[in-house]
Structures are given as C-alpha cells and as structure tokens.
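Positions are given from 1, in the same order as the sequence printed here.
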Amino acid sequence: MGEVDPAFIQDAEHRPKLSPIEAEGIPLIDLSPLTNSPEAIEGLVSEIGEACKNWGFFQVINHGVPLELRKKSEDTSRRFFAQPSEEKRKVRRDAVQVTGYYDTEHTKNVRDWKEVFDFSVEDPTLIPASTDPDDNEVTKWYNQWPEYPSDLREICEEYAKETQKLAYKLLELIALSLGLPADRFHGFFKDHQTSFIRLNHYPPCPVPHLALGVGRHKDAIALTVLAQDDVVGLEVKRKSDGEWIRVKPTPNSYIINVGDIIQVWTNDRYESVEHRVIVNPEKERFSIPCFFSPAHYTMVKPLEELTSEKNPARYRAYNWGKFLVTRKGSNFRKLNVENIQIYHFKIPDSELADRFEETLSINK
C-alpha cells in the first residue's frame, strides 16, 4: 500500500490501545449436541441466548463446516491477494458492479487498511434498482470472478453452501432461545436472500497505532459467521463497560455476531455490538466473514411475538433492500454525514411513553 496516506489515520479517540485487554469472557460454545446429543439441546439453546444477550458475540466449535474446505478457502484467498495489484483490479468492483475486488473502502469516513474480494451467495442477487422508496423496479447483481486462482470460484461457491448451513443452524438456536419456533427466521432468507461473503486481507501496517484494518462499526445484516487465521485482529466493544476487548483466535472455530437486523427483530433484546479490526506491523492477516442477510423485499421490524403493550415496538419498519442499496452506494464516495443506521428508525423514548399512556387510558 506504499507510504501512509493521511486518509488511513484515525482520530485520536478511536486509535487502538497499546496495552489491549485480552478477551476471556467471549463465550466458546460447542455445537456437537446438534448431531451427537439431542437431549443436550436445551442447554445449548440457553448458552446461545446468554451469549447473544450479554455479548452479542460468541465462538463456536464442532460446527459442521468441513475443515479441509475451510483450509482450501483460506489458501485460495491467499493466492488471489498475492497477485500484483493490476491483476486484482481486473475484477475491481464499482458502483455498478458491486462484487469483486476493492482496496479503498472507508468505515466512518476513514480508509481501512485492507483489501477485499466480495461475492454474493445467490448469483444473481435481486436488489432494488434505486434508493427511491416509490421505485419498485428490481435489478440484478452478478458476481465477477478472477482468472486466477482458477479454482477460486468453485471453492468459494462450495464454501458458501457450508457456511449457509451453519448460519441456518445458528438462527434456529437463536429463535429457540427467544421462545420462538426453530424455523421462525427461515422465511426471511428462503427466496432471494442478499447474503454475501468477503475475503479479507490485512497487509502489515507500519503505523498500527494510528490506523485500523476496519474502523469501529456494527454489522447491518442479520448474522455474521467469521472464519479467521491465527493472527489476532478482531476487537469487540464490551457491553458492560465499553472497553475494547481483543479476541484471541480459537483454532478452527467460527466467531459469530448478532447483526442490526436481529437487534430490530428482537426489539433490542439481543443487541448488535460495535467491533473493529487492528493491524499488525509485521504479520498479514486473513479472514472470511459471511454476512447472512434476508431477501431485498423484507420489511425489517420487531417481531410481533416479542412485543406487547408493556414492551412496544422500538423501531419503525424499514425496507432491507433500500437500506442495503443506500449502504452499498456509500462505499464509493466519502460522505459528509454518517451512513444510514438502524437508530434512524428507532422510535424515541418519549413517543413510546406517550403510546403507553394512551394504551393505559384506553384499557381503563
């Protein structure tokens, strides 16, 4: 990436700490009861619920994704990013072709110290043609694949199938932890889901105390399933005290985090948590997140089963496809304002209080 561009430099209050706190509390959950001990499912569901409530993040082992396939995915990712920039940029993404290679992404309007390759799980992916709420036209996003590595497409598509299986298992456990039927969330993803997978490469950085691989953010999607190598990088903002906690990689595990959509569906019962990625002065780092996302026509709002007169819906409904198109568009230009967030759809506490008062008066 050459000399350090000022665009990479974080404001002082957002720079990583030189003496980090190592994470010990992020739960490590064994999913083997799903296949080996059906009688232990209740305990597993309880673990998942506690992790979602208290952390918003957890790690899983014995998850069912074949280790050999994961290794192949990591290897082909390394081979792709090892190419010269001019080769990688042959599949560069832009505002029209939104999948492929990119190396100038910004988070909170600060450039990330990374390069990525994105591909959609469904090819093509159906998506709104514009952000205009009155425009019902739909367009298609197509994947683009590099000539090298020649096996990248085949491996990535097979890997996508396996991570989807894991994501559905996790959604079922999350639904059960909320007292809902296991398949409660399935309908949102059944047809035309907008999930995508990203190959991340974080090169060694000469100023790891000033820059970040990814700046602080929350995931706008429903659920993230993250594979990472053995180089420490992920930091999670602990809910209890706001401290940044560095997550030590557990071999062959996946790191799972609740996204904004689940926060809205659960009416804030399970919260999406802020996280970021630090960089290393000597070692490169690779990771592969799967961003599990519903169909474009999904109206995201609190589930009726999880709201009541005493716990009214805290969010106005929003169209996921329009939200996604707005977010994607911001990848290609620096914004003068903050990108669209779920809190823009949050109903103010004062309004909720007024509604509660009205309900009480009607019931008298």
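Ring geometry for Trp265 against Phe185 counts as parallel: the plane angle stays under 30°, on a 0 to 90° scale with 60° as the upper cut. Aromatic ring pairs are classed by plane angle as parallel below 30°, tilted from 30° to 60° and perpendicular above 60°; the pair Phe323 and Trp320 is parallel. Aromatic ring orientation, Phe189 versus Phe292: parallel (interplanar angle below 30°, classes split at 30° and 60°).
Clustering ILVMFWY residues whenever any of their side-chain heavy atoms sit less than 4.5 angstrom apart, transitively, puts Ile261 in a cluster other than the one holding Tyr297. Met299 and Ile342 are assigned to two separate hydrophobic clusters, defined by single-linkage of ILVMFWY side chains at heavy-atom distances under 4.5 Å. A single hydrophobic cluster is not seen to contain both Val138 and Tyr142; linkage of ILVMFWY side chains at heavy-atom distances under 4.5 Å, directly or through other members, places them apart. Under the 4.5 Å side-chain contact rule for hydrophobic residues, Ile245 and Ile278 do not share a cluster. Under the 4.5 Å side-chain heavy-atom criterion for grouping Ile, Leu, Val, Met, Phe, Trp and Tyr, Ile9 is not connected to Leu212 through any hydrophobic cluster.
Distance alone, capped at 3.5 Å, places no donor-acceptor pair between the Glu274 side chain and the Lys237 backbone. Looking only at distances, a side-chain donor or acceptor of Lys88 sits under 3.5 Å from a matching main-chain atom of Phe81. Looking at Glu158, its side chain never comes within 3.5 Å of a backbone N or O of Ile155 through a donor-acceptor pair. Remark: side-chain polar atoms of Glu87 are not paired, donor with acceptor, to backbone N or O of Glu147 under 3.5 angstrom. In terms of modelled atom types and a separation under 3.5 Å, the side chain of Asn267 and the main chain of Arg314 share a donor-acceptor contact. Remark: side-chain polar atoms of Asn252 are not paired, donor with acceptor, to backbone N or O of Ile61 under 3.5 angstrom. Proximity of a side-chain donor or acceptor of Ser293 to a complementary backbone N or O of Phe291 within less than 3.5 Å is detected. Formation of a donor-acceptor pair under 3.5 Å by the Trp113 side chain with backbone atoms of Tyr202 is not found in this model. Side chain of Arg238 to main chain of Glu243: no donor-acceptor pair is present (N/O by atom type, distance under 3.5 Å, no hydrogens or angles). Using modelled atom types, no side-chain atom of Asp112 and backbone atom of Lys114 make a donor-acceptor pair closer than 3.5 Å.
Between Lys140 and Leu126 there is a side-chain heavy-atom pair separated by less than 4.5 Å. Phe117 is not listed as a side-chain neighbour of Cys156, based on a closest heavy-atom distance of 4.5 Å or more. Using a 4.5 Å heavy-atom threshold, the side chains of Val214 and Arg276 count as separate. Proximity of Thr194 to Trp141: side-chain heavy atoms (C-beta onward) are nowhere separated by under 4.5 Å. Within the 4.5 Å cutoff, the side chain of Cys290 has heavy atoms near those of the Gln164 side chain. Between Glu50 and Glu47 there is no side-chain heavy-atom pair separated by less than 4.5 Å. Within the 4.5 Å cutoff, side-chain heavy atoms of Tyr318 are placed close to those of Val264. Contact of the Pro133 side chain with the Asn319 side chain is not registered, since no non-hydrogen atoms from C-beta on lie closer than 4.5 Å.
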Does the pair Asp151 and Arg79 meet the rule for a salt bridge (charged side-chain N to carboxylate O under 4.0 Å, His left out), with working shown?
-> CA-CA 11 Å; Asp151 58 357; Arg79 286 186 285 134; 3.0 Å; yes

So Trp145 and Val91, side-chain contact (heavy atoms from CB on, under 4.5 Å) or not? Walk me through it.
-> CA-CA 7 Å; Trp145 300 99; Val91 288; over 6 Å; no

Taking it one step at a time, do Asn200 and Val277 satisfy side-chain contact (heavy atoms from CB on, under 4.5 Å)?
-> CA-CA 11 Å; Asn200 280 321; Val277 175; over 6 Å; no

Chi angles and distances behind the side-chain contact (heavy atoms from CB on, under 4.5 Å) call for Phe57, Ile255 = CA-CA 7 Å; Phe57 268 81; Ile255 295 177; 3.7 Å; yes

Salt bridge (charged side-chain N to carboxylate O under 4.0 Å, His left out) assessment of Lys72 paired with Glu154 | CA-CA 11 Å; Lys72 283 183 180 180; Glu154 180 183 354; over 6 Å; no

List the steps, then state whether side-chain contact (heavy atoms from CB on, under 4.5 Å) holds for Thr125 with Phe119.
-> CA-CA 10 Å; Thr125 294; Phe119 64 95; over 6 Å; no

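A cation-pi arrangement, defined by a distance under 6.0 Å to the six-membered ring centre and an angle within 45 degrees of its axis, is present between Lys328 and Phe196. A cation-pi arrangement is present between Arg70 and Tyr254 under the rule of less than 6.0 angstrom and at most 45 degrees off the ring axis.
Pairing each heavy atom of Leu31 with each of Leu173, the nearest pair is CD2-CD1, 4.0 Å. Scanning all heavy atoms of the two residues, the minimum distance from Ala313 to Ile347 falls at O-CD1, 3.4 Å. Here the closest non-hydrogen pair linking Ser272 and Gly259 is CB-C, 3.6 Å. Here the shortest heavy-atom pairing between Glu284 and Arg78 reads OE2-NH1, 4.2 Å.
A salt bridge links Arg184 with Glu305: the distance from a Lys NZ or Arg NE/NH1/NH2 to an Asp or Glu carboxylate oxygen falls below 4.0 Å. Checked for salt-bridge contact, Lys71 and Asp75 miss the test: no charged N lies under 4.0 Å from a carboxylate O. Using a cut-off of 4.0 Å between Lys/Arg side-chain N and Asp/Glu carboxylate O, Glu172 and Lys169 are scored as not salt-bridged. Using a cutoff of 4.0 Å between basic side-chain nitrogens and carboxylate oxygens, Lys322 and Asp135 are not scored as salt-bridged.
For Lys301, the NZ atom sits in a loose shell: 12 or fewer heavy atoms of surrounding residues, nucleotides or ligands are nearer than 6.0 Å. Glu282 CD: 12 or fewer foreign heavy atoms inside a 6.0 Å radius.
Taking CZ of Arg111 as the start and CD of Glu105 as the end, the distance is 11.0 Å to the nearest 0.5 Å. Interatomic distance, CD of Glu39 versus CG of Asn36, reported as 9.5 Å (0.5 Å rounding). Between Leu170 atom CG and Ile48 atom CD1 the span is 6.0 Å, to the nearest 0.5 Å. In this structure, NE2 on His296 lies 6.5 Å from NE2 on His192, to the nearest 0.5 angstrom. Taking CD of Glu68 as the reference point, atom OG of Ser73 lies at 10.0 Å (rounded to 0.5 Å). Rounding to the nearest 0.5 Å places OG1 of Thr266 at 8.0 Å from CD of Glu271.
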Using residues 218-233 as the side-chain source, report each donor-acceptor pair under 3.5 Å to any protein atom, sequence neighbours left out, with the distance given to one decimal.
{"residue": "Asp219", "atom": "OD1", "partner": "His217", "partner atom": "NE2", "Å": "3.3"}
{"residue": "Asp219", "atom": "OD1", "partner": "His275", "partner atom": "NE2", "Å": "3.2"}
{"residue": "Asp219", "atom": "OD2", "partner": "Thr224", "partner atom": "OG1", "Å": "2.7"}
{"residue": "Asp219", "atom": "OD2", "partner": "Asn257", "partner atom": "ND2", "Å": "3.1"}
{"residue": "Gln228", "atom": "OE1", "partner": "Arg285", "partner atom": "NH2", "Å": "2.5"}
{"residue": "Asp229", "atom": "OD1", "partner": "Val231", "partner atom": "N", "Å": "3.0"}
{"residue": "Asp229", "atom": "OD2", "partner": "Phe286", "partner atom": "N", "Å": "2.8"}

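Checked by atom type, the side-chain pair Tyr315/Asp268 shows a donor-acceptor distance below 3.5 Å. If you check the side chains of Thr99 and Gln97, you find a donor sitting under 3.5 Å from an acceptor.
Of the candidates Arg89, Gln83, Arg93, Glu115, Tyr101 forms a side chain to side chain donor-acceptor pair (under 3.5 Å) with just one, namely Glu115.
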